[in-house]
Amino acid sequence: MKRAYTTIPVELCAYALLNQKVNPIRLYAYLKLHASGHLRYERDIFEHIKDWAEDLSIHKKTVQTCLQWLIDNKLVTINSNLKSIRIIGYEQLHRKFKFENKSAVVLEEKGYLHFKAFCCAAVIIYYRNKKRWLDCRSASKKGGARKNLKQSNRGFYPLPCEYLAKCLNVSKTTAFNYKVAAATQNFIEKKKNIVPVFNNVGDKMPREIYSVLERMDSDIITIGRFRKGKKFLRKVDSDLIGSNIIIKTKKYR
């Protein structure tokens with residue numbers, strides 16, 4: 001019986017994006033959903049490829065190319081005598097690619113149809129969660145409001161493009177495009193993040209300082225990141241990111 005979902009390693013999603021192997025990894029995850037290690041077939045394998053292509057909404061020649069890549073890289077083996085396809089498990093894959101963490105993301109049907117956007121969301125939410133954890137730990141060491149950091153904005157948390165780009169070793173533009181792709185397919189949600197501006201001693205800066213900044217450095221104002229609130233100056237910060245996907249931890253032996 002077909003399972004409703006599978007959980008794939010977040011690092012596998014990152015691998016697919018960074019190595020331009022989205023479709024091969026998509027096919028691997030699709031096969032994993034249909035079998036827990038082995039998949040029997042009765043007809044000619046090419047007939048099944050046509051079915052897979054239809055399910056994944058990609059051309060059958062693309063599926064053939066992807067299947068060959070999976071075979072060449074020993075993620076899949078085919079026994080034509082037994083008419084069986086063996087798909088390596090996530091634990092073996094974890095060792096093969098030398099992944100470092102056990103975080104995984106739940107992949108359902110919509111994820112297959114928009115797999116690149118799903119992979120984008122997986123890495124975005126993973127690094128958002130990691131950043132939030134690091135920020136909470138840092139605030140705790142400094143005596144800050146650790147609880148407020150965890151509960152602020154009801155599950156939303158900022159993730160600057162610069163931070164994501166550095167984590168993945170990609171350009172800021174690529175990181176931005178990952179966010180757009182994930183948000184377009186509703187795997188993540190974005191909210192504007194307008195925050196107070198503080199001076200060196202931790203006090204909020206009054207709205208009147210806007211005109212002073214404008215005279216001192218017009219570039220600060222023209223980039224459009226500052227706003228004059230009712231009483232205090234505010235700044236448009238990195239978008240708050242909310243998750244519509246589920247991150248879990250894989251349990252390997």
Side-chain angles (χ1 to χ4, degrees), residues 3-34 49-73 75-76 87-88 90 93-94 96-97 99 101 103-131 159-190 238-239 241-248 250:
R3 290 178 291 170
Y5 69 89
T6 185
T7 53
I8 70 173
V10 170
E11 284 185 282
L12 185 61
C13 294
Y15 176 90
L17 291 172
L18 300 178
N19 294 279
Q20 299 181 342
K21 296 300 179 185
V22 169
N23 279 330
I25 299 305
R26 183 183 181 190
L27 178 59
Y28 167 80
Y30 171 84
L31 294 174
K32 283 293 293 179
L33 182 68
H34 286 74
I49 286 174
K50 290 194 293 185
D51 293 339
W52 301 341
E54 184 176 343
D55 286 348
L56 296 172
S57 298
I58 54 180
H59 198 278
K60 60 186 179 183
K61 288 186 178 179
T62 302
V63 175
Q64 283 181 283
T65 302
C66 293
L67 182 60
Q68 189 60 54
W69 185 89
L70 294 176
I71 293 170
D72 291 343
N73 287 273
L75 272 68
V76 164
I87 308 103
I88 70 168
Y90 289 122
L93 181 142
H94 193 276
K96 178 179 177 63
F97 286 101
F99 291 154
N101 69 71
S103 295
V105 59
V106 174
L107 175 62
E108 299 175 301
E109 184 178 357
K110 182 184 176 182
Y112 291 106
L113 298 177
H114 306 283
F115 191 65
K116 183 174 182 179
F118 174 83
C119 288
C120 292
V123 297
I124 287 167
I125 298 305
Y126 171 77
Y127 284 111
R128 184 209 66 169
N129 292 351
K130 183 176 181 179
K131 183 178 186 300
L159 181 70
C161 287
E162 295 90 342
Y163 183 91
L164 181 62
K166 184 177 180 181
C167 290
L168 296 173
N169 195 27
V170 298
S171 69
K172 182 180 174 182
T173 300
T174 298
F176 174 79
N177 290 337
Y178 286 170
K179 282 188 178 182
V180 171
T184 299
Q185 298 302 330
N186 201 37
F187 290 121
I188 66 169
E189 295 181 47
K190 296 194 300 180
S238 301
D239 286 339
I241 303 297
S243 176
N244 289 327
I245 60 174
I246 301 171
I247 301 285
K248 293 186 174 184
K250 282 279 191 183

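Counting from 1, the numbers follow the sequence of the chain as shown.
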Hey, does Arg128 have a side-chain heavy atom less than 4.5 Å from the side chain of Ser243?
yes

Grab the two heavy atoms, one from Ile87 and one from Lys32, that are nearest each other, plus how far apart they are.
CG2-CD, 3.4 Å

List for me each residue that meets ring pair (Phe, Tyr, Trp, His ring centres under 6.0 Å) alongside Tyr178, sequence neighbours excluded, and say none if there are none.
none

Of all heavy-atom pairs linking Lys131 and Pro160, the shortest is CE-CD, 3.8 Å

Separation of Leu12 CG from Leu17 CG (nearest 0.5 Å):
10.0 Å

If you measure from CG on Asn23 to CG on Leu70, what distance do you get to the nearest 0.5 Å?
10.5 Å

Side-chain donor/acceptor of Asn19 to backbone N/O of Lys21, under 3.5 Å:
no

Of all heavy-atom pairs between Tyr90 and Pro9, which one has the smallest distance, and what is that distance?
CD2-CD, 3.5 Å

Aromatic Tyr127 / basic Lys166 pairing, under 6.0 angstrom, 45° off normal:
no

Interatomic distance, Leu18 atom CG to Cys119 atom SG [nearest 0.5 angstrom]
10.0 Å

Start with the C-alpha gap between Leu31 and Trp52, add the side-chain angles, then the distance that decides, and say whether side-chain contact (heavy atoms from CB on, under 4.5 Å) holds.
CA-CA 9 Å; Leu31 294 174; Trp52 301 341; 3.8 Å; yes

Closest approach of Ala165 and Ser171, non-hydrogen atoms and distance?
CB-O, 3.7 Å

Closest approach of Lys61 and His59, non-hydrogen atoms and distance?
N-ND1, 3.0 Å

Roughly how far apart are Asp55 CG and Glu109 CD, rounded to 0.5 Å?
8.5 Å

Derivation and outcome, side-chain contact (heavy atoms from CB on, under 4.5 Å), residues Tyr126 and Val105:
CA-CA 9 Å; Tyr126 171 77; Val105 59; over 6 Å; no

So, taking the atom named NZ in Lys250 and the one named CG in Leu93, what distance separates them when rounded to the nearest 0.5 Å?
10.0 Å

Testing Ile125, Asn244, Ile245 for side-chain contact (heavy atoms from CB on, under 4.5 Å) with Ile188, which one passes?
Ile125

Phe97: what forms a ring pair (Phe, Tyr, Trp, His ring centres under 6.0 Å) with it, not counting sequence neighbours?
Tyr15, Phe99

With rounding to the nearest 0.5 angstrom, report the CZ to CG distance, Phe176 to Asp239.
8.5 Å

Steps toward side-chain contact (heavy atoms from CB on, under 4.5 Å) verdict (Leu107, Tyr30):
CA-CA 9 Å; Leu107 175 62; Tyr30 171 84; over 6 Å; no

Check whether His114 reaches the backbone of Ala182 with its side chain - one donor and one acceptor, N or O, closer than 3.5 Å.
no

Expected output: side-chain Lys110 to main-chain Phe187 donor-acceptor under 3.5 Å
no

Check: Ile241 main-chain N/O paired with Lys179 side-chain donor or acceptor under 3.5 Å
no

All side-chain hydrogen bond (donor to acceptor under 3.5 Å, both in side chains) counterparts of Thr65, not counting sequence neighbours:
none

Exam field: side chain Tyr28 to backbone Val76, donor-acceptor pair closer than 3.5 Å
no

